[in-house]
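The structure appears below as structure tokens.
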Amino acid sequence: MSSPPLSSVHDGPTPLSGPALKLFELITSSWVAAAVSAAAELGVADAMSAAPTPVDQIAKLVGADPDALHRLLRACADLGLVEELPGRAYALTEVGRALRSDAPDSMRGYARWLGSPAERSTMAHLADAVRTGGPVFEAVHGAPVWDYMRDHPESASVFDQGMTDISSQITRSLVDEYDFGDSACLVDVGGGRGRLLSLLLTAHPHLTGVLYDRPEVVRDADPALSREGLAGRCRVVGGSFLDSVPEGGDTYLLASVVHNWNDADTVRVLTHCRNAVTDGGRVLLAEVLVPDGPAPERTAKFMDLSMLVHCDGKQRTRAEFAEVAERAGLRLNRVVPGTGVSVVELVRA
């Protein structure tokens with residue numbers, strides 16, 4: 001649910017050197033994340049453009065103290081999100097535009113989620129999760145993560161938007177790089193608001209689709225799914241994939257879904273998909289894979305720590321995917337590498 005540490009906040013002179021400097025850079029990366037999240041939460045990018053804007057004007061638009069906002073923005077300038085100009089004015093950079101809500105590659109929702117109290121207070125207990133070997137979210141917040149989301153709709157809304165942002169960026173390679181030519185009906189299991197499904201249906205006009213997720217999630221489905229051209233090709237179904245999935249699809253897609261669940265629950269979900277898919281169909285898992293050996297894969301390994309503290313999930317290796325697939329009556333047919341995620345293709349055993 002969270003991301004790998006960001007780069008150092010310190011680029012200037014320092015009395016530190018060697019290993020101490022390296023550790024300082026790693027330790028203070030949390031300051032970077034906090035600044036980016038604060039900018040996202042305040043909506044400063046939505047109040048700015050590439051043209052210079054006085055900080056007093058930005059502060060008025062976002063409801064912030066001008067002096068404090070100046071201090072935040074000058075730090076963000078060192079991160080390349082904004083450009084600091086004379087007269088306490090700031091202009092949005094190309095990177096900073098991705099913090100706008102209306103950007104096609106927006107990451108504002110994800111930045112807001114990573115800065116939220118629910119996320120930060122949970123990750124603060126990573127050491128406890130490592131000691132016990134299980135999630136700490138319930139101990140910190142009084143309820144398991146999915147129950148907490150159900151009972152805290154404001155946090156759930158930030159979480160859902162954040163997951164929509166990161167999933168649509170990480171899984172973008174699916175649209176261009178995976179061949180859906182043999183598919184007819186694509187069931188997006190745990191598909192959130194349907195941003196990815198809308199992209200896939202647009203890119204592959206022969207496909208029909210089913211968006212399937214919790215009722216409170218799909219009721220705010222991506223407006224693109226109801227526009228002319230897609231409305232007649234897609235239906236939206238609410239439910240829990242722990243209980244069942246819609247039947248009759250020839251391709252079942254779970255994009256950044258099963259990493260949220262332990263092996264037993266993953267087998268349960270995959271079994272539902274195995275029983276629902278038509279003969280000759282396939283189940284696709286779009287995930288960031290952990291290497292089988294010691295090769296570096298920073299995104300997967302730090303996402304794996306996030307799964308550990310939050311929900312007893314995990315990022316898996318190819319061998320681990322093959323194991324849970326076999327337990328669900330499926331067989332790992334192949335792994336298709338992508339620029340964002342790999343597609344683990346499963347077929348009936």
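Only heavy atoms go into these numbers, but all of them, side chains included; no hydrogens, no water, no symmetry mates.
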Do [X] and [Y] sit within salt-bridge range, that is, some charged N less than 4.0 Å from a carboxylate O?
X: Arg193; Y: Asp213; value: no
X: Arg150; Y: Asp147; value: yes
X: Asp105; Y: Arg100; value: no
X: Arg74; Y: Glu84; value: no
X: Asp102; Y: Arg108; value: no
X: Arg214; Y: Asp160; value: yes

Backbone of [Y] reached by a side-chain donor or acceptor of [X] within 3.5 Å:
X: His259; Y: Gly313; result: no
X: Asp46; Y: Ser101; result: yes
X: Ser157; Y: Pro153; result: no
X: Ser37; Y: Arg112; result: no
X: Ser29; Y: Leu26; result: yes
X: Thr251; Y: Gly249; result: no
X: Asp250; Y: Ala184; result: yes
X: Thr93; Y: Gly96; result: yes
X: Thr317; Y: Glu320; result: yes
X: Arg348; Y: Arg274; result: yes

Identify the heavy atoms of [X] and [Y] that sit nearest to each other, and give their distance.
X: Leu308; Y: Val130; value: CD2-CG2, 4.1 Å
X: Ser342; Y: Pro337; value: OG-CA, 3.8 Å
X: Arg235; Y: Glu247; value: NH2-O, 4.4 Å
X: Ala300; Y: Val288; value: CB-CG1, 3.5 Å
X: Gly190; Y: Val257; value: O-CG2, 3.7 Å
X: Ser106; Y: Asp165; value: O-CG, 3.4 Å

Would you please test Arg282 and Asp182 for side-chain contact (heavy atoms from CB on, under 4.5 Å) and show each step? CA-CA 10 Å; Arg282 53 194 164 175; Asp182 294 336; 4.0 Å; yes
Calculate, to the nearest 0.5 Å, the distance between atoms [atom1] and [atom2] belonging to [X] and [Y] respectively.
X: Tyr212; Y: Leu254; atom1: OH; atom2: CG; answer: 11.0 Å
X: Ser183; Y: Leu284; atom1: OG; atom2: CG; answer: 7.0 Å
X: Leu196; Y: Leu253; atom1: CG; atom2: CG; answer: 6.0 Å
X: Leu186; Y: Leu211; atom1: CG; atom2: CG; answer: 10.0 Å
X: Cys234; Y: Leu197; atom1: SG; atom2: CG; answer: 4.5 Å
X: Arg195; Y: Gln161; atom1: CZ; atom2: CD; answer: 6.0 Å

Beyond-backbone contact of [X] with [Y], side-chain heavy atoms, under 4.5 angstrom:
X: Thr299; Y: Glu297; result: yes
X: Val245; Y: Val187; result: no
X: Val36; Y: Met107; result: no
X: Leu73; Y: Ile58; result: yes
X: Val309; Y: His125; result: no

Hydrophobic cluster membership, [X] vs [Y], 4.5 Å side-chain cutoff:
X: Val290; Y: Val336; result: no
X: Trp261; Y: Leu289; result: yes
X: Phe180; Y: Val347; result: no
X: Val217; Y: Tyr252; result: no
X: Met48; Y: Leu85; result: no

Go through Arg120 and Ser30 one step at a time and tell me if the side chain to side chain donor-acceptor pair (under 3.5 Å) criterion holds. CA-CA 10 Å; Arg120 288 200 180 279; Ser30 63; over 6 Å; no
Tell me whether the rings of [X] and [Y] are parallel (<30°), tilted (30 to 60°) or perpendicular (>60°).
X: Trp146; Y: Phe159; answer: perpendicular
X: His310; Y: Trp113; answer: tilted
X: His152; Y: Tyr148; answer: parallel

Going through the distances and angles, do Glu287 and Phe321 end up as a side-chain contact (heavy atoms from CB on, under 4.5 Å)? CA-CA 10 Å; Glu287 294 281 351; Phe321 276 117; 3.7 Å; yes
Check against side-chain contact (heavy atoms from CB on, under 4.5 Å), Lys314 and Asp263: CA-CA 9 Å; Lys314 62 169 74 171; Asp263 286 351; 3.6 Å; yes
Stepwise side-chain contact (heavy atoms from CB on, under 4.5 Å) check, Thr208 with Cys185: CA-CA 5 Å; Thr208 61; Cys185 179; 3.7 Å; yes
Side chain to side chain donor-acceptor pair (under 3.5 Å) between Thr266 and Arg316, worked out: CA-CA 11 Å; Thr266 295; Arg316 294 176 172 86; 3.1 Å; yes
Counting only heavy atoms not in Lys301 (residues, nucleotides, ligands), do more than 12 fall under 6.0 Å from its NZ? yes
Go through it in stages, so that I can follow the logic: the residues are Asp67 and Arg88, the test is salt bridge (Lys or Arg N to Asp or Glu O under 4.0 Å), and I'd like the CA-CA distance, side-chain angles, deciding distance and then a yes or no. CA-CA 10 Å; Asp67 290 334; Arg88 298 214 317 177; 3.1 Å; yes
